[in-house]
Enquirer: 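Below are the structure tokens for one structure; questions will follow.
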Amino acid sequence: MTSLTQLSQAIHDAPRWHQPEQFQNSDEIKIIPQDHAALGAIVYGLDARKAQSGETIYKLKQALAQHLVLIFKQQTLDDLQYLAFATYFGAIFRPSADTPVLASQQENGVPPDVVPVSNAVGQGDYTGHGELTPHADHQWTPLPSFGSLLYAIELPKDGGKTSWINTIKAYDALDEETKAEIDQLQLITYNPFVRRQKTKDLNESNGYGESPLYRFKDQPILSHAYPHPLVRIHPESGRKALWLNTHTEVELVNYDDQAGSALIAKLRAHIQKPEFRYEHDWQIGDVVFWDNQATLHSRQPFPADQRRLLKRISLAGSRPF
Ligand code: OGA
Ligand code: MN
């Protein structure tokens with residue numbers, strides 16, 4: 001027989017329902033919303049190595065659509081177990097080779113299924129130890145990720161906390177006039193990894209590199225452009241979310257340069273208000289699973305000489321609407 005890919009192996013090896021000791025008792029699972037925070041629910045009592053019931057996965061999917069971030073505590077997973085659990089919720093995000101993203105491999109242009117996010121040289125140091133500004137994963141692609149998971153394996157003593165922004169709350173808090181002004185607008189988010197390749201501006205401390213905040217029409221276009229709605233509808237809940245990162249190059253379609261850049265700057269200032277944000281204080285063994293369709297996430301810098309290793313799985317999404 002031919003050898004299996006990592007993903008096929010993960011599904012092949014995954015525990016089955018007829019192995020009672022490997023089957024998660026769903027009565028042990030508690031999903032506790034973080035009522036005091038802008039988003040998120042904590043999931044206690046779930047061992048992601050075990051086979052899960054259909055009811056449990058359905059409940060988790062509903063909880064994710066409602067709370068936008070699920071925090072699973074005290075996990076111990078190898079890559080195959082992690083893949084088997086994550087893919088209950090969707091297919092792995094695999095961009096085409098013409099769309100570079102974080103960790104795209106030289107041989108095939110595609111990232112590995114499980115991406116190490118670390119500051120250890122040569123071991124997944126794609127984002128170094130610097131700040132990552134608020135973004136949605138893969139927003140610049142034709143089919144951005146529906147969600148991603150990060151699993152904490154090694155943590156620095158100082159800094160390196162990750163924050164999530166609830167972009168549904170950010171949209172809801174806009175005044176009616178602004179909502180009416182932006183509801184039908186389309187936004188292009190240019191691919192920061194194409195800029196990095198073209199300019200060779202490899203800023204070790206920031207995976208997303210430096211880029212202008214807005215493209216004016218007299219500036220060259222570096223990457224393919226995929227217009228998506230600035231206000232997108234969450235596919236499960238039907239709620240509207242303001243879908244805009246805070247620091248990479250964007251452009252409103254068919255919009256005046258000055259008016260467009262001013263509108264985007266105003267929305268970006270709004271979206272970063274602390275009331276829409278939850279900062280996660282990582283513990284080893286945490287798996288954080290977020291809905292990438294209605295959140296942004298960012299990371300604080302941390303000292304270069306302290307090791308940090310998380311593993312990320314990104315799940316495929318559909319065309320935003
Ligand atoms: C990512 C990311 C944040 C972090 O891997 O997509 O944004 O805290 N990581 O490392
Ligand atoms: Mn990210």
Side-chain angles (χ1 to χ4, degrees), residues 39-40 68-72 79 82-83 86 90 92-95 99-105 110-121 123-141 143-167 189 191-193 196 203-209 211 243-248 271-272 277-304 306-317:
L39 45 60
L68 305 178
V69 169
L70 297 180
I71 301 157
F72 299 89
D79 284 1
Y82 186 25
L83 271 173
I92 299 291
F93 172 79
R94 293 220 177 88
T99 307
V101 296
L102 186 78
S104 288
Q105 301 295 291
V110 173
D113 292 350
V114 180
V115 175
V117 177
S118 124
N119 61 326
V121 176
Q123 298 168 51
D125 54 336
Y126 308 108
T127 63
H129 62 274
E131 179 187 8
L132 295 177
T133 53
H135 64 278
D137 287 338
H138 311 125
Q139 188 173 6
W140 46 87
T141 69
L143 304 174
S145 296
F146 128 75
S148 298
L149 302 92
L150 273 175
Y151 170 36
I153 295 166
E154 279 182 88
L155 293 171
K157 197 159 51 58
D158 312 299
K161 290 183 189 170
T162 308
S163 291
W164 281 267
I165 293 173
N166 184 335
T167 59
T189 301
N191 188 330
F193 295 94
R196 275 181 60 166
N203 176 354
E204 294 280 330
S205 67
N206 184 345
Y208 295 98
S211 75
W243 214 47
L244 170 69
N245 74 41
T246 62
H247 286 79
T248 77
I271 221 167
Q272 293 180 73
R277 200 169 72 101
Y278 161 68
E279 183 176 74
H280 185 60
D281 199 357
W282 288 102
Q283 289 183 305
I284 287 172
D286 288 351
V287 172
V288 178
F289 179 14
W290 67 93
D291 188 318
N292 198 54
Q293 306 164 124
T295 63
L296 302 174
H297 57 284
S298 59
R299 179 187 75 194
Q300 295 175 331
F302 58 98
Q306 295 184 18
R307 281 175 68 107
R308 184 177 190 268
L309 169 63
L310 294 93
K311 289 194 174 179
R312 189 185 77 180
I313 295 178
S314 264
L315 299 177

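Every heavy atom of this structure was used, including side-chain atoms; hydrogens, water molecules and symmetry mates were not. Note that ligands are numbered from 1 as they come in the structure, with each ligand's atoms numbered from 1 the same way.
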Enquirer: Can you see which heavy atom on F146 is nearest to which on A316, and at what distance?
Expert: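 Heavy atoms of F146 and A316 come nearest at CB-O, 3.3 Å.
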Enquirer: Would you call the rings of H280 and Y278 parallel, tilted or perpendicular, taking 30° and 60° as the class edges?
Expert: tilted
Enquirer: Just jot down the ligand 1 atoms closer than 4.0 angstrom to any heavy atom of H297, in number order.
Expert: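 Numbered from 1, ligand 1 contributes 2 (C), 6 (O), 7 (O).
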Enquirer: For ligand 1, which atoms, with element, lie under 4.0 Å from some heavy atom of T162?
Expert: 4 (C), 8 (O)
Enquirer: Measuring from the heavy atoms of L132, does anything fall under 4.0 Å of ligand 1?
Expert: yes
Enquirer: Nearest heavy atom to atom 4 (C) of ligand 1: which of R299, H135, K161 does it belong to?
Expert: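 Shortest heavy-atom distance from atom 4 (C) of ligand 1: R299.
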Enquirer: Below 4.0 angstrom from a heavy atom of R312, which ligand 1 atoms are there? Numbered from 1 as shown, please.
Expert: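 The list of qualifying atoms is 1 (C), 5 (O), 6 (O).
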Enquirer: In ligand 1, which numbered atoms sit nearer than 4.0 Å to a non-hydrogen atom of V117?
Expert: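 The atoms of ligand 1 under 4.0 Å from a heavy atom of V117 are 5 (O), 10 (O).
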Enquirer: Does W282 reach ligand 1 with a nitrogen or oxygen that is under 3.5 Å from one of the ligand's nitrogen or oxygen atoms?
Expert: no
Enquirer: Flag the pair L102 / R312 as yes when at least one side-chain heavy-atom distance between them is below 4.5 Å, and no otherwise.
Expert: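 The answer is yes, as the side chains (C-beta and beyond) meet within the 4.5 Å cut-off.
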Enquirer: Decide whether an N or O pair under 3.5 Å exists between W290 and ligand 1.
Expert: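 Looking only at distances, the answer is no, because the N/O contact criterion of under 3.5 Å is not met.
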Enquirer: Side chain or backbone of D137 under 4.0 Å from ligand 1, or both, or neither, by non-hydrogen atoms?
Expert: side chain
Enquirer: To make sure I understand the geometry: which N, O or S atom in D137 is closest to the Mn ion (ligand 2)?
Expert: OD1
Enquirer: For F302, run the side chain to side chain contact (heavy atoms under 4.5 Å, CB included) check against R308, K161, E131 and tell me which one passes.
Expert: R308
Enquirer: Does R277 have any salt bridge (Lys or Arg N to Asp or Glu O under 4.0 Å) partners at least two apart in sequence or in another chain, and if so, which?
Expert: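 R277: no salt bridge (Lys or Arg N to Asp or Glu O under 4.0 Å) contacts found.
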